[in-house]
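Labels below follow one simple rule: chain letters A, B, ... track the order of the sequence lines, proteins then strands, and each chain is numbered from 1. Heavy atoms only: backbone and side chains are in, while hydrogens, waters and symmetry mates are out.
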Amino acid sequence: MSARVKFVNDLEELKQYIYDMSQLLSERFDSLVNVLENNDRALAKELIERDVDINELEVKINDQSVSLITSQSPVASDLRLIISCIKIAEDLERIGDNISNIAEVSRRTQIMNKQILLRLTTMIRLAKLMLDDAMVAMKTEDLSLVNEIIERDNDIDQIFVQVTMSDIYEETDAFVTGQIQLTAKYLERIGDHIENIGEHIFFTLTGKRYK
Amino acid sequence: MVDLNIRERIANNQRSKLVEKTVPIVLFSITIISVLTTIGILYTLIVETVHFFGRVSIVEFLTSTKWNAFSSTPSWGIFPLILGTLKIVVIGAIVAVPTGIGAAIYLSEYASDRTRRIIKPILEVLAGIPTVVYGAFAITFVTPFLQSFIPPLNHFNALSPGIVVGIMILPMIASLTEDALSSVPNSMREGSLGMGATKFETVSKVVLPAAISGVGAAVVLGLSRAIGETMIVSIAAGSTPNSSFNILESLQTMTGFIVQVTSGDAAFGTDVYYSLYAVGMTLFIFTLAMNMISQWITKRFREEY
Amino acid sequence: MIMTKEKTSAIHIDNKNLNHSPMEMQNKEIFTSKNFNLWYGDNHALKNINLSFHENEISAIIGPSGCGKSTYIKSLNRMVELVPIVRTEGEILYRDTNILDKNMTVEELRTKVGMVFQKPNPFPKSIYDNVAYGPRIHGIKDKKTLDQVVEKSLRQAAIWDEVKDRLNDNAYGLSGGQQQRICIARTLAVEPDIVLMDEPTSALDPISTIKIEDLMQELKKEYSIIIVTHNMQQAARVSDKTAFFYQGNVIEYNDTNIIFENPHDKRTEDYVTGRFG
């Protein structure tokens, strides 16, 4: 079965862009933990500036997808893959934006409360694991892993609730409180986007909506 | 992989330009020879015919109903000879055209492969029989056979050679018609059958009309041969030109007359000698006219594809 | 509790899945094959075909060369019998009557089940005579009726305006796409129930192809159409249901959007994505 060699290679290339984009984000999660724990403002600035790299990849993925649709008339699983890549790229780009937003926060203030800091960095680590596993699931087409990943967003949501409903009262500075809530919100959003990515992968593999 | 060097070898190949230049000239010359020959024959015919009409009134030729070339007071009305030819041709047509076309339709549209493979060669054999044999067959078998139930039938008559001429041209008409029918594309039959037409409707309303020019050509070719048929009529029709429409009595065709003259002693320069050319010319005009009529007919009904 | 979930919508598949809907929602069956088998001599070309086509639908049959799709469609109007070494077993029901029975003559069947062929095959007659051929052989002789039938059929075939001033011209003077539409008009003139189309646009240019595809959508309102095509995009564009044939078997038969968005059988998936065939 060696038909449509060019097309098959182009599809692989498209997937590779997604993996690359995720890889970049995965590394940024690590940097983000650093920024929050050590209030490394230089690193924060770098994170913000380098967001363009993420955006460029999203553009590439969109262009490649449109080109494949035009030239190859994809159907069935090929079509689902291409459409999902467009959507996943969008979610990844939003994750990138949210990371930048959090970096902005740390340029405005430093979160001193150890408890809250721990919660927030845990959320980041969970997100990173979720994203890395999502890419593994996509590569290996592991449906059960996808299902599991989608559920993990609940974990992030739980921490979000904790931070914003109880831990927040530990903080006395009103401004910092606001920034903490923002940061938690951004992280909760990141979780949602990764959950979405999971659902797109689910659609690619099964052709159905995740219920 | 041996280096084939094709590109280089092609570039170096010197093809003979001489051949390309000389072939059209050679072919043209050959064609010219055929044309010149035709012109030559026509010219001779015309000149000698004109000569004839210098001695014999053309009015008599065209209007008189008596042809008596060998008497001391000859009559030169062409009508009896034309009539003689026509009697043979019409009878032959009645025999050959329906049968030939019918056989062709059967072979092309209805017969199985096996049947076709048996019958076609037999028809071809019929086409290969020499006309002199047909003539002998006519006078020794057909005429006595017909006489057994048509008592007034003369020993020389129009009916017997007419029928045999029909038999002779039948394979030609059948074969050419079958070719014409076979060359109608199958997609046409499928289109008709696909709409719920019966096989017969398809054959009669689609295939036959589509092949009509081929069928017309076949019939004309057959009739032209009948007009020019010489051997059978010489043997079985007789040499008494007459103007009656009775097919049971002896007659003479144009071709029969020509044979009679040329196998006798027609001295060069006599009226009889020149009458040969006049009759030949008439024969030629007939076949020419036949061709033109058939072309006109098929043009009118032609369904081109 | 403030829980905002930002959900981007996944691709919505509109599963007009008639297989799961109650019987009243399905159109009536018009052609059903039951364990239909066909042999060309020793070659078992169609194997146990069980397939149902419904009214006012366009059903496409796709598959690689030699899979039996043309053979099958020609069985539906018994044109396949023109090949002498054909042998069949099983039933094909046209509206509850077995077409292989002796009760229905093959001419009756073919009047109700029209066919359009791959290569346009108009008769070498005038456009008028081409379209009037069918009605004429079925006994309609008066000119007024014929005029009306010819106009109606040419309109239905979306070619009336192009030929109304030259009905007496020979059909061979038309372009390929126009000739094919004349053939469609000719088929419609006898007012069949179903129109079978055996790769009707594969010999035509893209614009004629599109015109005929649009035509099919219009015809669907009055007729049922079964089309064999090796052009998958065409099947995806025009048909409601698609059957995938492979090596004489029906591998999958379902709504077209399922076949092309999320087929159930891997062989179907491989075929529509061009991984083989």
Taking atom NZ as the centre, does C:Lys47 end up with more than 12 heavy-atom neighbours from other residues, nucleotides or ligands that are less than 6.0 angstrom away? yes
I'd like to know whether OH of A:Tyr169 has more than 12 heavy-atom contacts from other residues, nucleotides or ligands below 6.0 angstrom. no
Heavy-atom cut-off 4.5 Å, strictly under: side chain, backbone, both or neither for A:Thr206 against chain C? backbone
Under 4.5 Å to a heavy atom of chain C? For A:Phe202 that would be neither
Which of residues 47-79 of chain A get closer than 4.5 angstrom to chain C, counting heavy atoms alone? A:Ser73, A:Val75, A:Ala76, A:Ser77, A:Asp78
A:Arg80 to C:Glu261 - nearest heavy-atom pair and separation: NH1-O, 2.5 Å
What are the residues of residues 8-23 of chain A, in order of number, with any heavy atom under 4.5 angstrom from a heavy atom of chain C? A:Val8, A:Leu11
Do A:Arg4 and C:Phe276 pass the side-chain contact (heavy atoms from CB on, under 4.5 Å) test, and can you show the C-alpha distance, the side-chain angles, and the key distance before you say yes or no? CA-CA 9 Å; A:Arg4 300 188 90 176; C:Phe276 84 83; over 6 Å; no
Does a sphere of radius 6.0 Å around CG in C:Asp42 hold more than 12 heavy atoms from other residues, nucleotides or ligands, not counting ones at 6.0 Å or beyond? no
